[in-house]
Every structure is written in structure tokens, then in C-alpha cells.
Number of protein chains: 2
Amino acid sequence: MTIHRASISDLAAQLNLSVSTVSRALSNNSRISEATKQRVWELARQLHYQPNHLAAALRKGRSNTIGVVIPHIDGQFFALVVKGIETLANQAGFNVMICQSNENVAQEQKNIEALLNAQVDGILVSLSLSTHDFQHLEEVRRRGIPLVFFDRIMESEQVSAVVLDDYQGGYDAVCHLLEQGCQQIAHLGGPQHLNICKNRYQGYVNALRKYGQAVNPDLIHFSDLSMQDGRDGMAMLLKKVPHLDGVFACNDLALVGAMQMVKRQGLRIPQDVALAGFSNELFDSLTEPMLTSVDQRCEEMGRTAVELLLEMITAGKHPVTPRHVVLQPTLLIRGSSQRVPAGSIAV
Amino acid sequence: MTIHRASISDLAAQLNLSVSTVSRALSNNSRISEATKQRVWELARQLHYQPNHLAAALRKGRSNTIGVVIPHIDGQFFALVVKGIETLANQAGFNVMICQSNENVAQEQKNIEALLNAQVDGILVSLSLSTHDFQHLEEVRRRGIPLVFFDRIMESEQVSAVVLDDYQGGYDAVCHLLEQGCQQIAHLGGPQHLNICKNRYQGYVNALRKYGQAVNPDLIHFSDLSMQDGRDGMAMLLKKVPHLDGVFACNDLALVGAMQMVKRQGLRIPQDVALAGFSNELFDSLTEPMLTSVDQRCEEMGRTAVELLLEMITAGKHPVTPRHVVLQPTLLIRGSSQRVPAGSIAV
DNA sequence: TTAGTTTGTGCAATCGTTTGCACAAACTAA
DNA sequence: TTAGTTTGTGCAAACGATTGCACAAACTAA
């Protein structure tokens with residue numbers, strides 16, 4: 001019925017107080033007497049008073065909203081990161097606005113613009129596959145809006161970021177494959193302008209070196225890492241090197257595609273070909289055999305990104321020196337790579 | 001450098017115009033001369049003028065933001081619905097604010113409150129598993145904020161909603177199992193206060209009736225439909241009815257759990273036990289055999305929900321009669337249920 | 001020339017809060 | 001008593017845009 005929401009001035013009128021007194025009472029200001037506060041609170045309760053955040057935001061120059069731009073929400077990884085982001089942000093009294101770039105720079109630019117227009121207090125970004133140009137992100141910094149990258153970052157000392165130690169993850173996974181006796185390990189890699197793909201690839205390379213194996217270009221295939229890319233890539237690799245006996249993929253989607261192709265060729269997993277991937281997707285435990293994968297501490301990444309952002313937001317104008325946080329990955333060893341019974345725990 | 005964003009009054013000052021003229025020029029008002037408009041636009045461009053949406057929202061009483069409350073974002077279904085929602089909402093110039101209730105009423109209430117505080121223009125809701133009480137949602141309507149349910153709805157003629165024809169989906173799936181020769185079909189059901197679970201269950205019941213089979217309570221198990229619930233439920237069912245030869249689960253997560261248990265007992269799929277589920281999750285095509293499932297037209301559901309909401313928003317005070325949209329499901333037949341080769345296409 | 005219309009612009013209130021400053025009343029200390 | 005402090009409240013100006021109304025200038029019609 002009451003289509004009109006009670007505002008501070010309604011309260012003030014009914015209580016014969018000034019608007020400012022009511023405002024202060026509501027924010028529990030110490031200069032207001034206890035008696036007055038009680039009267040205000042009581043009436044506020046009765047009238048279902050709810051503060052208008054837009055007005056407050058306008059006045060304070062802060063919207064208490066943070067924006068998030070991610071490549072896509074489907075799949076375990078970003079969903080969990082977002083959960084982490086939301087949890088911490090909400091705790092801190094911030095709303096979260098999520099946008100998907102669909103791996104498309106143009107959309108990413110639009111997302112950023114929309115967030116800026118909505119006057120968000122800060123922005124978290126994980127880059128799209130197709131982002132080579134960073135002007136829209138520079139613009140954010142130029143305007144003095146706090147900005148933190150996570151996972152897929154713009155590599156720069158100037159700006160804060162939270163990443164996984166992708167190098168270590170790749171290194172661990174490949175070392176594990178080597179320890180299982182693999183001699184010809186292939187790599188399904190992603191776009192090399194993305195830090196995560198580049199670093200996982202580096203991990204692969206260095207693990208091989210460490211074990212005294214040469215890096216064979218015929219065993220390496222780069223793509224955008226869709227499931228289809230995984231299938232196709234695997235087919236090509238097997239054509240070039242029929243006796244390859246291990247695969248490290250830059251993500252699990254490509255890995256599962258590769259697995260399908262390996263099976264189709266009648267090869268056994270892990271006896272003939274051992275597999276390891278990255279991301280610890282939900283489906284990893286549902287395939288046969290289950291897929292070995294590097295866990296990315298998704299929620300923690302989300303929470304940490306929010307922490308960095310809040311630091312910057314509360315710091316206000318006083319510039320905070322950019323921070324880089326690196327999280328340590330965990331290799332989850334499962335059936336797709338486990339040849340010799342070992343002490344590792346299958347999940 | 002320019003930490004201070006240009007505002008309308010900055011433009012006005014530099015052009016020796018009044019604020020109102022500038023405002024009108026920017027909105028291309030016909031009462032402003034072409035010459036003036038050009039001057040304003042030119043300077044706006046130069047100064048990178050961006051309107052402050054908060055101020056406009058405050059004045060116009062509209063934030064151009066819509067809120068979405070979903071149980072969780074992980075898993076294919078809601079992720080895709082959200083994609084549909086975002087696409088259409090952005091097209092219409094609206095921002096989207098997404099909140100997860102984590103299947104928890106208390107959190108759902110907080111989400112709703114946060115959205116109301118953020119002055120969203122409308123809210124889309126899919127209920128949490130634990131929502132029995134609808135006060136927080138009534139409150140939304142009481143305040144005159146447009147509200148549309150999707151998928152998991154509050155059953156009421158009073159409020160708009162978009163749903164799948166869950167009954168039909170369940171009916172089709174179970175008919176399919178019956179056609180494959182199943183004689184003892186079990187059902188892994190969800191909380192019966194949720195429309196979707198109730199209707200899928202009804203579909204199960206009626207399909208059995210249609211084929212002249214009795215409904216056996218020993219073949220029915222209700223739970224919250226986690227993967228673990230699926231495993232446990234299946235174990236119980238198999239204990240009561242060892243010769244059951246088909247399972248229809250209310251979602252794919254429970255189904256995949258059931259599948260694990262079936263395999264563990266050494267039964268073959270689909271020869272001994274045929275399986276069908278609901279949601280068409282990504283992993284359905286990754287298990288062995290692949291899982292038969294009912295597709296839910298997720299993106300379409302999201303888009304339709306936004307359409308209904310926008311209708312209500314633009315209608316303003318003039319009440320729109322609530323609409324219910326029912327989408328038709330598609331049964332995707334895969335290896336987990338396909339006993340006899342048929343014309344259906346496995347995906 | 002006069003009255004009426006069109007065209008372009010400005011004034012000022014408004015949306016709901018916040019907050020620096022002023023000020024009266026009550027209290028404290030000497 | 002006097003001066004100084006504390007306590008509680010109100011005034012009024014922001015924040016940045018929108019919009020009803022007023023009004024001057026230019027134009028039109030008779």
C-alpha cells in the first residue's frame with residue numbers, strides 16, 4: 001500500500017527533529033542523546049525505514065559497490081572465485097556487480113564502461129582471451145578508480161594482482177608425470193600472451209629440463225583450449241608423435257577433449273598415456289579414469305582480490321603501492337596419471 | 001591526472017551556459033538549438049564527460065539496475081540463465097547485480113535486502129532449497145518493486161514467473177525409460193515444496209500410470225539432490241529393490257552420484273539399470289556412458305524473465321497482470337538409457 | 001502596429017543523505 | 001559571578017543530475 005518509502009525527512013517531521021539530527025541518530029553519532037536515538041530508532045523500525053543508498057552514495061562519492069569482469073561464469077573456476085569475492089565483499093558491506101566479457105575485448109570494454117558509469121568504487125578484472133590492448137583498463141587507472149587483476153592479469157608493476165603460481169603448478173604436474181615414467185610428454189597450451197598459459201608452459205619446459213629431457217616442438221600444440229581444441233590438438237599430436245605417453249594440458253576442458261581422443265585411438269589411460277590438467281573442474285572426478293589436475297584455490301583468490309581492492313578503496317587518494325599476491329597451487333593426483341601406487345591421495 | 005571528473009556544471013561554466021541547458025543538450029532535447037548542442041557535445045567529448053548515474057538515478061527514482069537472486073552459480077544451469085539475463089538486460093541498458101543465496105533462506109533475505117537498498121528497479125528470483133517462508137518476497141511486492149520468479153518459483157497467480165514444463169520433462173524422461181523396457185523405475189526426488197521437484201515427480205508418476213505400472217513407494221527416495229545424496233539414495237533403493245532397472249533423478253548431480261553407486265555394485269548401465277536425469281549439465285557428456293538428461297533452455301529462461309521484468313518496470317505504477325511463461329523441455333537421449341538403437345540423436 | 005506564437009535559454013526546486021559550522025542550554029571550575 | 005567547557009540540536013550547503021515554469025527575443029499573422 002505505502003508506495004512511498006519513508007525517508008529521513010519523514011522521520012524528522014514526525015519526531016519534530018531536524019533532518020540532520022535524525023541522520024546522526026541513525027548513524028549512532030555520539031553527539032546525539034541516547035533518548036533521541038531511541039525515539040528515532042523506534043520510529044524507523046515502525047515505518048520500515050530503509051536508507052536510500054543512492055543518495056548516500058551521491059553525497060559521499062562512494063557507491064559501496066564493486067564491479068567484477070570475468071571472461072565467463074560457467075565452469076568451476078570463475079564460479080568459485082566469484083563466490084569468494086561475494087562473500088568477502090558482502091561482509092565488508094559492498095555490493096558486487098558481475099559482468100561477463102565472453103572472452104571478447106569489445107564486450108570487456110563495454111563492461112568496464114558500464115561499471116564506471118554505475119560509479120563502482122573499484123573493479124576486479126580477469127582478462128578475456130582476446131585482450132591484447134589495455135586502453136580501457138588504463139582509463140580506469142587514469143580516473144583513479146581502484147583496480148585489481150586476478151588470474152589473467154595485465155603484467156605490470158603498476159597495478160595490483162592476485163595470481164596462482166601457475167609456473168609451479170605446471171612444473172609440479174609435469175614432474176609428477178615424469179615420475180610416473182613418462183618419456184614423451186605433450187603439452188596442450190593456451191594463448192601465450194596470457195600470463196597463466198605462458199607460465200604453465202614455462203613450468204612444463206623447466207620440469208622437462210630438470211629431468212634432462214629435451215623440449216620437442218612436435219609435442220607442443222597451442223590453441224584456445226576448448227574441448228574441441230583439445231580433441232583436435234590431441235589428434236594432431238598423436239599423428240606427429242604416435243608414441244607420446246603423457247599429456248599436460250593448460251586447462252581441464254582441453255584435457256577432457258584430449259582424453260576422448262586418446263580413448264578413441266584405443267590407448268589406455270594412464271598405462272599408455274598419462275594425463276594431467278589444470279583447474280580441478282567438477283567433472284574431473286566424473287570421468288573414467290578421474291583426471292589429475294592442479295587446484296587453483298579459487299575462493300581464496302577471490303577473497304584475496306577483494307582484500308587488495310578494499311585496501312585501495314579505503315586508502316582513498318593516498319596511493320597504495322601495488323601489491324602482487326601469489327597463491328600456491330596443489331596438485332591433485334587421480335587415476336588419469338597414477339601408474340605406480342604412491343603416497344599421494346586421490347580425491 | 002584529472003582526478004576530478006567533469007560534471008555537467010563544469011561544462012556549463014566553461015561554455016557560459018546554464019546547467020539546465022547543458023543537461024538538455026546532452027539528452028538531445030528538441031528545445032535546444034543545434035549550434036548549442038554541437039558546442040556542448042564537443043566539449044563533453046574533450047573533457048571525457050561521463051554522466052553520473054547515481055545522481056540521475058536519485059533524481060529520476062530509477063537506478064537502471066536489476067537484481068538477481070539465485071541459489072548458486074556453479075553448475076551449468078544457473079550460469080547459463082545468468083548469461084541470458086545479462087545479455088538482454090545489458091541490451092536494454094540495465095546493469096545486473098547477482099547474488100547467491102547458497103540455498104539458504106537467511107542469505108536469500110539478506111540478498112533481497114541488499115538489492116532493495118541498492119534501489120534496483122526490479123528483482124529476479126529463483127528460490128533457495130530452504131525457502132518455505134515468503135515474507136521477504138512479499139515485502140518486495142508490498143513496496144511495489146517489480147518481481148519475477150524463474151525456475152524455482154513461489155506458486156501464486158499474483159506474481160509473474162518463467163518456468164520449464166518440468167512435469168513434461170519428467171514425463172518424457174520416464175516414458176523414454178519405459179520404452180526402453182524398464183519395469184522397475186526408481187525416482188530420486190527433491191524437496192517437494194519446490195515446484196520443480198514436485199512437477200518432475202508428478203511427471204514420473206503419470207508416466208508410470210500411463211504405461212499401466214503401479215507407483216511403488218520403495219522405489220522413491222527424496223533428498224536435497226547433492227551428489228552424495230544421489231549415492232546414498234541409490235544405495236538405499238538398491239537395498240530395498242535389488243532388481244530395479246531404471247532411475248529417473250530430479251537433477252544430474254544426484255544422477256551422477258547414483259551412477260557411481262550403480263557401477264560400484266557391478267551393475268551395467270544401461271543394460272541392467274538405465275539412467276535419466278534433469279538439467280543437461282556439462283559433465284553429462286563426459287561420463288561413461290553419457291547421461292540422458294532433460295535440457296532446460298537456460299538462456300531462453302533468463303531472457304524471458306528479463307522481458308517480463310522490463311514489461312513491469314516500464315509499465316510503472318499501472319499494474320501489469322502477472323504472466324506465467326512455460327518453456328518446453330527437450331529430452332536428450334544418451335548412452336545411459338539407450339538400450340535399443342533408435343532414431344533419437346545422442347549428443 | 002499589435003497580439004500571439006515559436007524558439008532558446010535560465011531559475012530554482014527536487015531526489016535523500018551527509019556534514020561543517022553555529023549556537024543555545026547546561027554544567028564545571030575558579 | 002564569570003569564563004570556559006561540554007552536550008545536544010539545527011541550519012544550510014553540498015553531491016550531480018532532471019524538469020516545470022518563466023521569460024526574453026525573434027518571428028508570424030492580421
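Throughout, protein chains are lettered first and strands after them, A, B, ... in sequence-line order, and every chain is numbered starting at 1.
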**Item:** Full working for side chain to side chain contact (heavy atoms under 4.5 Å, CB included) between B:Met97 and A:Asn95
**Value:** CA-CA 8 Å; B:Met97 219 167 220; A:Asn95 287 113; 3.6 Å; yes
**Asked** Is there any salt bridge (charged side-chain N to carboxylate O under 4.0 Å, His left out) pair reaching into residues 34-57 of chain B, and which pairs are they, with sequence neighbours excluded?
**Response** B:Glu42-B:Arg45
**Asked** Is the closest basic N to carboxylate O distance between B:Glu139 and B:Arg143 below 4.0 Å?
**Response** yes
**Message:** In this structure, how many angstroms lie between the C1' atom of D:dG16 and the CD atom of A:Gln119, rounded?
**Reply:** 9 Å
**Prompt:** Does B:Gln296 use its side chain to pair, donor to acceptor, with the backbone of B:Leu164 at less than 3.5 Å?
**Reply:** no
**Flag, side chain of B:Asn29 to backbone of B:Arg31, donor-acceptor distance under 3.5 Å** = yes
**Message:** Could you go through B:His324 and B:Phe149, starting from their C-alpha distance and side-chain angles, then the distance that decides it, and tell me whether this counts as side chain to side chain contact (heavy atoms under 4.5 Å, CB included)?
**Reply:** CA-CA 9 Å; B:His324 277 221; B:Phe149 287 93; over 6 Å; no
**Complete:** Residues of residues 17-41 of chain A with a heavy atom under 4.0 Å from any atom of DNA chain D, listed by number, are A:Leu17, A:Ser18, A:Ser20, A:Thr21, A:Arg24, A:Arg31, A:Ile32, A:Ser33, A:Thr36
**Item:** Sequence neighbours excluded, every pair satisfying side-chain hydrogen bond (donor to acceptor under 3.5 Å, both in side chains) that has a member inside residues 122-131 of chain B
**Value:** B:Glu108-B:Thr131, B:Ser128-B:Ser130, B:Ser128-B:Thr131
**Stepwise side chain to side chain contact (heavy atoms under 4.5 Å, CB included) check, B:Arg323 with B:Glu311** = CA-CA 10 Å; B:Arg323 283 174 54 191; B:Glu311 260 178 37; 2.5 Å; yes
**Prompt:** Quick one: A:Leu58 CG to D:dA13 P, roughly how many Å, whole number?
**Reply:** 17 Å
**Item:** Whole-Å distance separating the CZ atom of B:Arg62 from the P atom of D:dT19
**Value:** 11 Å
**Message:** Tell me which pairs pass salt bridge (charged side-chain N to carboxylate O under 4.0 Å, His left out) where either residue lies in residues 73-92 of chain A, with sequence neighbours left out.
**Reply:** A:Asp74-B:Lys83, A:Lys83-B:Asp74
**Message:** Using the rule given for side chain to side chain contact (heavy atoms under 4.5 Å, CB included), can you reason through B:Phe150 versus B:Val125, listing the C-alpha separation, both sets of side-chain angles and the distance that settles it, and then say yes or no?
**Reply:** CA-CA 6 Å; B:Phe150 64 95; B:Val125 179; 5.8 Å; no
**Fill in**
Terminal axes of the helix from C:dT1-D:dA30 to C:dA30-D:dT1 (5 end pairs apiece), angle rounded to 10 degrees, sit apart by 50°
**Complete:** So, with a heavy-atom separation below 4.0 Å from DNA chain C, the residues of residues 48-56 of chain A are A:Tyr49, A:Gln50, A:Pro51, A:Asn52, A:Ala55, A:Ala56
**Length of the line joining A:Ile8:CD1 and C:dC15:C1', which is rounded to integer Å** = 13 Å
